Undergrad: 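Have a look at this one before I ask anything.
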Amino acid sequence: MVDKELISAQMLEMRRGTITLALLSQLDEARYGYDLLQRLESAGFSIDAGTLYPLLRRLERQGLLESLWETSGTRPRKYYRLSVGGKAMYISLKQEWEQMTHVIQLMIKEQ
Amino acid sequence: MELSERYVYAVTRLLPKSQQGEVEKALRSDIQDMVDAEQGTKEERVRRVLTSLGRPEKMAMNYSGAKQYLIGPEWFSIYMRALKVICSVASLVALVIFTIKYADATSESIIGRIVDILLGTISGGIQAAFWVTVAFVYFEHAKANKKNPEEVLAWSVDDLPKLPRRWNQQR
């Protein structure tokens, strides 16, 4: 019997690779951190706020996201949106994902 | 308010200067959004949100994308090999040196001399291990030297640092 910790570590590892794709998929329109957190949550893809906020910032530094401060609301909010490079990245990741799920589906069904 | 400001400070003080301002503003606003969505007294809501965000050192590392290890996987196997070889050699050299040094010491008993020789040998090995480790950590982090906290220690919001006087809340 494999212990539970090992299983959850492996699950975490698998999810980790999909976070960027999940996030980029929601950024065709400009959105702010907490909004994204809720969108992902309600789509069934739960993510820690402590992971999401720094990730947004890192993607911005890598040039994949553009940001804009919206100051007209109750408090200033930072909105993120896909840059041109981010769109290209999203398309590549999406293709990879489709290819991978296809292949894995085939392998799983073989058994 | 004070607690969440302490959290923002705890995270941003670990970041490079160039990133501090931007992360500070964004994190403050993100925390506020989360606090507003919670239920309960202000204090309870803030504490719940900050606890869910987790240890500020870890958060800062997520922001900066810094390395979270002393010696990474590329170096590790080389490090272990170097450690074995160099420690063996150093212990052997220390053994020889201390044997010569204490061989004709007349003032001590045989047992005393053997203990001294053994202690000298062990400390020679430990010193070698220390310097090998220092060298490898240097190789690993030659480009970006970042803080490395112990992830294992329990953390609570009460451990947040006090705000320094120069900390401006409405920056």
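Proteins come first, then strands; the chains are lettered A, B, ... in the order of their sequence lines, and each starts at number 1. Nothing here was measured: the structure is a model prediction, and the numbers come from that model.
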Undergrad: Looking at B:Val137, B:Ile86, B:Val85, which one forms a side chain to side chain contact (heavy atoms under 4.5 Å, CB included) with B:Val132?
TA: B:Ile86
Undergrad: Pick from A:Pro76, A:Gly33, A:Gly50: which one has the most heavy-atom pairs with chain B under 4.5 Å?
TA: A:Gly50
Undergrad: Could you check whether any side-chain heavy atom of A:Tyr90 comes within less than 4.5 Å of a side-chain heavy atom of A:Leu21, counting everything from C-beta outward?
TA: yes
Undergrad: Report which part of A:Arg77 has an atom under 4.5 Å of a heavy atom belonging to chain B: side chain, backbone, both, or neither.
TA: both
Undergrad: Find out whether A:Leu64 and A:Leu82 are in side-chain contact, i.e. whether some heavy atom of one side chain is under 4.5 Å from a heavy atom of the other.
TA: no
Undergrad: Would you give the length of the straight line joining atom CG of A:Asp48 to atom CG of A:Leu37, rounded to the nearest 0.5 angstrom?
TA: 8.5 Å
Undergrad: Which of the residues A:Pro54, A:Ala49, A:Ser67 is involved in the greatest number of heavy-atom pairs with chain B at under 4.5 angstrom?
TA: A:Pro54
Undergrad: Looking only at heavy atoms and a cut-off of under 4.5 Å, which of B:Leu53, B:Asp30, B:Leu27 has the most pairs with chain A?
TA: B:Asp30
